[in-house]
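Quick notes on the structure that follows.
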There are 2 protein chains.
Amino acid sequence: MTLTQLEAFVLVARLGSVKAAARSLGVSEPAVSSALASLRQQLGDSLVQRTSSGMELTPGGRRLVPIASQMVGLAVEAEAAIRQAQGAPDNLRVVATSDVAESVAPALVAAFNAKSKAVEVSLGVCSTEDMAAILQERLADVGIGPSLSSDGFPRLECSPLFRYRLIFVASPDHHLSGAAAIEPRALAHETWLVGPDAGDERSPVRSLLDRLHVPEARISVFPSHAAALTAAEQRQGIAPAVAHVVLDDPEPRGVVPLAVRGTPVELLWHVTMLAADRRSLASAAFHRFVGTPAATHAMHAPLRGVRPSQFRPPVYVTIWN
Amino acid sequence: MTLTQLEAFVLVARLGSVKAAARSLGVSEPAVSSALASLRQQLGDSLVQRTSSGMELTPGGRRLVPIASQMVGLAVEAEAAIRQAQGAPDNLRVVATSDVAESVAPALVAAFNAKSKAVEVSLGVCSTEDMAAILQERLADVGIGPSLSSDGFPRLECSPLFRYRLIFVASPDHHLSGAAAIEPRALAHETWLVGPDAGDERSPVRSLLDRLHVPEARISVFPSHAAALTAAEQRQGIAPAVAHVVLDDPEPRGVVPLAVRGTPVELLWHVTMLAADRRSLASAAFHRFVGTPAATHAMHAPLRGVRPSQFRPPVYVTIWN
DNA sequence: CGCCTAGATAAGCGATCGGTTATCGGATAG
DNA sequence: CTATCCGATAACCGATCGCTTATCTAGGCG
């Protein structure tokens with residue numbers, strides 16, 4: 001029974017699939033499967049069994065989850081405690097959905113870092129779907145993205161962070177540029193140039209594309225939002241974008257907003273972390289920070305110096321440990 | 001950071017020496033030392049440092065102890081939880097000092113076993129000194145021996161179990177047999193035939209020998225009390241013994257009690273286990289059991305069928321896991 | 001019916017673990 | 001000063017871990 005095995009098991013139990021757990025851990029599927037096999041053999045219980053709809057816990061597995069989860073949590077706590085005892089900088093791992101990670105997160109993280117020098121902040125990317133489990137399993141300390149409040153993760157606390165506007169942009173040459181009061185359903189057969197969050201089942205962009213019934217063939221997914229925007233400048237296509245990031249850019253992009261009815265879409269990003277009694281000192285400091293005007297200001301500031309290379313290449317994987 | 005390493009560290013911290021930890025775990029000294037080295041390297045903290053008087057914790061080490069302790073505790077809890085979920089018999093590991101293990105413990109354990117068929121009980125031996133740490137680290141569930149109440153192990157609960165009389169016996173041929181009102185200090189230069197607990201710093205027999213200033217050369221330590229008694233039948237020497245065990249034996253030993261002033265010595269054995277809120281179901285059942293008349297009766301019953309071979313050969317080591 | 005998805009299994013590989021015996025080093029006591 | 005105790009280290013070894021790629025297999029679905 002190793003901590004690695006326990007962590008794999010907990011993630012399988014929490015996420016309901018070996019595949020998702022493997023993705024969250026950034027390893028291959030058999031790695032997780034065999035970790036599970038070792039546990040099963042050693043404990044003499046199958047722990048989880050596949051059913052038609054995901055993986056179901058056995059009675060033994062159900063008991064193991066909270067214990068194993070706590071053990072893994074204690075392991076990271078141990079490391080943090082010792083680092084702190086030595087006066088070493090505390091560590092804060094922020095995960096965000098890809099849209100956040102490419103818009104407001106860098107500035108927010110930088111501002112926080114400037115203020116609390118004793119904390120080392122790192123920024124990662126994950127899908128909305130995995131975020132709750134990642135936070136609960138302490139693979140990360142803070143999550144930024146859509147609201148996670150109704151997820152059945154009672155130990156997580158989710159609060160509104162930032163109100164933003166989703167707009168659609170295109171090159172000035174685009175045939176819809178300049179058109180007035182465009183009907184949304186007219187966009188169903190346009191070419192869409194989107195960032196990685198189009199792969200995230202629960203991202204606003206994804207649900208929008210789903211609602212419009214845009215066929216797969218008309219969607220081009222880019223490894224970053226910046227790349228999607230660049231493509232929109234050059235190719236005929238529509239890109240969703242966060243309003244203030246595109247419009248207030250000091251070096252304006254070669255795209256213009258489209259006058260689509262119902263836009264800009266008002267949306268909210270939330271910040272999620274463990275409940276107050278079990279979060280780390282650094283997490284608590286971050287939580288306090290995001291309530292300050294300095295944080296709001298940083299997020300509203302135009303995006304500066306963000307290059308796609310700043311973001312982890314494997315966008316949908318969060319790797320630490 | 002593996003559980004094995006954490007356990008080694010905790011035991012070193014608790015027992016104050018690598019040697020004692022190695023003994024408790026039943027492994028060699030370098031095994032513990034290298035486990036410690038791995039932890040030190042990985043966490044970047046020396047954790048414990050040797051001083052003139054034992055090992056001293058660093059600030060980081062001090063923080064790690066409770067966390068690591070909890071982790072290993074959870075590991076054994078996990079196994080127990082799953083075993084129980086499968087309806088498998090619960091497991092109760094009893095440790096006792098060697099005097100108890102050879103006198104009342106077998107009957108007590110057997111009686112408990114007969115009553116709760118769903119619990120598998122095993123009996124081990126350890127020194128008084130190590131008992132508290134062994135219980136706290138869940139290497140065993142129940143400890144029987146001298147009182148441990150003043151040991152600075154706040155999570156342990158210690159209650160009186162059994163009042164017994166310590167007497168001295170010798171062969172009827174012995175020159176002191178039949179003598180009246182023997183002065184204790186007259187025994188200082190006799191030959192003593194004692195069981196393994198003479199090696200236990202805190203056993204009553206040891207402190208008695210210390211008080212009499214019996215020279216090392218006059219003490220013969222046997223691998224079991226039974227062996228010491230047998231030797232007393234055949235050789236010229238005095239053996240300490242638990243009164244009712246020797247006197248009520250259905251097949252009387254060839255020894256007689258000596259009329260030493262101050263004897264019989266009234267002593268108490270205690271039972272120690274984790275505090276009520278963190279003990280296992282089986283431990284709780286055992287705790288209830290020792291308060292019943294059946295338990296008292298079992299302990300008072302003459303020792304039946306006890307052979308030295310029933311006791312672990314390496315007397316001062318407790319091995320499970 | 002065959003395809004597809006997702007988990008299990010096989011085979012293999014390097015790193016680490018966990019243990020041993022033997023030796024070294026440093027403080028303490030006599 | 002030397003003997004001794006105790007922890008650290010060296011050298012070594014087998015088992016396991018943790019991971020990979022490739023293949024197998026059981027259900028669900030068109």
Side-chain angles (χ1 to χ4, degrees), chain A residues 1-43 45-58 61 68 72 75 129 201 216 314 317 319-321, chain B residues 1-43 45-58 61 68 71-72 75 129 199 201 216 314 317 319-321:
Chain A
M1 179 169 36
T2 66
L3 292 169
T4 319
Q5 290 164 1
L6 291 172
E7 169 129 57
F9 162 69
V10 173
L11 277 173
V12 169
R14 286 254 148 80
L15 297 174
S17 98
V18 171
K19 187 168 225 164
R23 201 179 43 187
S24 268
L25 291 168
V27 300
S28 72
E29 206 175 301
V32 173
S33 187
S34 79
L36 211 47
S38 306
L39 263 190
R40 289 204 242 251
Q41 195 197 344
Q42 195 179 348
L43 297 177
D45 188 313
S46 57
L47 303 175
V48 279
Q49 274 163 336
R50 49 187 313 191
T51 68
S52 52
S53 60
M55 307 283 281
E56 198 183 4
L57 287 163
T58 68
V72 177
E129 202 177 5
E201 295 285 349
E216 277 278 323
V317 181
I319 324 158
W320 273 302
N321 298 342
Chain B
M1 178 169 34
T2 67
L3 291 169
T4 319
Q5 291 164 1
L6 290 172
E7 171 129 54
F9 162 69
V10 173
L11 278 174
V12 170
R14 286 253 147 81
L15 298 174
S17 97
V18 171
K19 188 168 225 164
R23 201 180 42 189
S24 268
L25 291 168
V27 299
S28 72
E29 207 173 301
V32 173
S33 188
S34 80
L36 211 47
S38 304
L39 263 190
R40 289 205 242 250
Q41 195 197 346
Q42 195 177 350
L43 297 176
D45 188 312
S46 56
L47 303 175
V48 279
Q49 274 162 337
R50 49 186 315 191
T51 68
S52 52
S53 61
M55 306 283 282
E56 196 184 4
L57 287 163
T58 68
M71 288 177 71
V72 294
E129 203 176 5
E201 295 286 350
E216 277 281 321
V317 182
I319 323 159
W320 272 303
N321 296 340

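Residue numbers start from 1 in every chain, and the chains themselves are labelled A, B, ... in the order their sequence lines are given, proteins ahead of strands. Values in this document were obtained by computation on a predicted structure and should not be read as measured data. Basis for what follows: all heavy atoms, side chains included, without hydrogens, waters or symmetry-related copies.
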Establish, with yes or no, whether the OP1 or OP2 oxygen of C/dA8 is under 4.0 angstrom from a side-chain nitrogen or oxygen of A/S33. yes

Nucleotide of C/dT20, D/dT20, C/dA6 approaching A/K19 most closely (side-chain heavy atoms): C/dA6

When rounded to whole Å, the CD to C1' distance for the pair A/Q41 and D/dG18 reads 16 Å

Taking any heavy-atom pair under 4.0 Å as a contact, classify B/T4: base, sugar-phosphate, or nothing. sugar-phosphate

Which whole-number value in Å describes the distance from A/E29 CD to C/dA8 C1'? 9 Å

Between A/A31 and B/L36, whichever has its closest DNA chain D nucleotide further toward 5' is B/L36

Closest approach of B/L15 to B/S24 (non-hydrogen atoms, all atoms of both residues): CD1-OG, 3.6 Å

Looking only at side-chain atoms of B/P30, point me to the closest of D/dT21, C/dT20, C/dG18. C/dT20

When the nearest nucleotide of DNA chain D is assigned to A/V32 and to A/M1 on a heavy-atom basis, which residue is associated with the more 5' position? A/M1

Sugar-phosphate, base or nothing in reach of B/T2, heavy atoms under 4.0 Å: sugar-phosphate

CA sep, side-chain torsions, deciding dist, call: A/T2, B/T2, side chain to side chain contact (heavy atoms under 4.5 Å, CB included): CA-CA 7 Å; A/T2 66; B/T2 67; over 6 Å; no

Could you state the atom-to-atom distance from CG of A/L3 to P of C/dC17 in whole Å? 12 Å

When rounded to whole Å, the CD to P distance for the pair A/Q49 and D/dA26 reads 15 Å

Distance, rounded to the nearest Å, where B/L11 contributes CG and C/dG18 contributes P: 14 Å

Just the rounded figure in Å: distance from P of C/dG19 to CD of B/Q5. 10 Å

State which of C/dG19, D/dC19, C/dA8 makes the closest approach to the side chain of A/V27. D/dC19

Taking the side chain as every heavy atom from C-beta outward, state whether A/V32 and A/V27 have any pair of such atoms under 4.5 Å apart. yes

What integer distance in Å separates B/Q42:CD from D/dC17:P? 17 Å

Starting the side chain at C-beta, find the nucleotide from C/dA8, D/dT9, D/dC6 nearest to A/M55. C/dA8

Rounded to whole Å, CZ of B/R50 lies from P of C/dT28 at a distance of 10 Å

Kindly indicate, with the supporting measurements, whether the criterion side chain to side chain contact (heavy atoms under 4.5 Å, CB included) is fulfilled by B/M71 and A/L3. CA-CA 10 Å; B/M71 288 177 71; A/L3 292 169; 3.8 Å; yes

Between A/S28 and D/dC19, is there a contact of a side-chain N or O with OP1 or OP2 at under 4.0 Å? no

Give me the atom names and distance for the closest heavy-atom approach of B/G61 to B/F9. O-CZ, 3.6 Å

A/S17 side-chain N/O to C/dG7 phosphate OP1/OP2 under 4.0 Å: yes

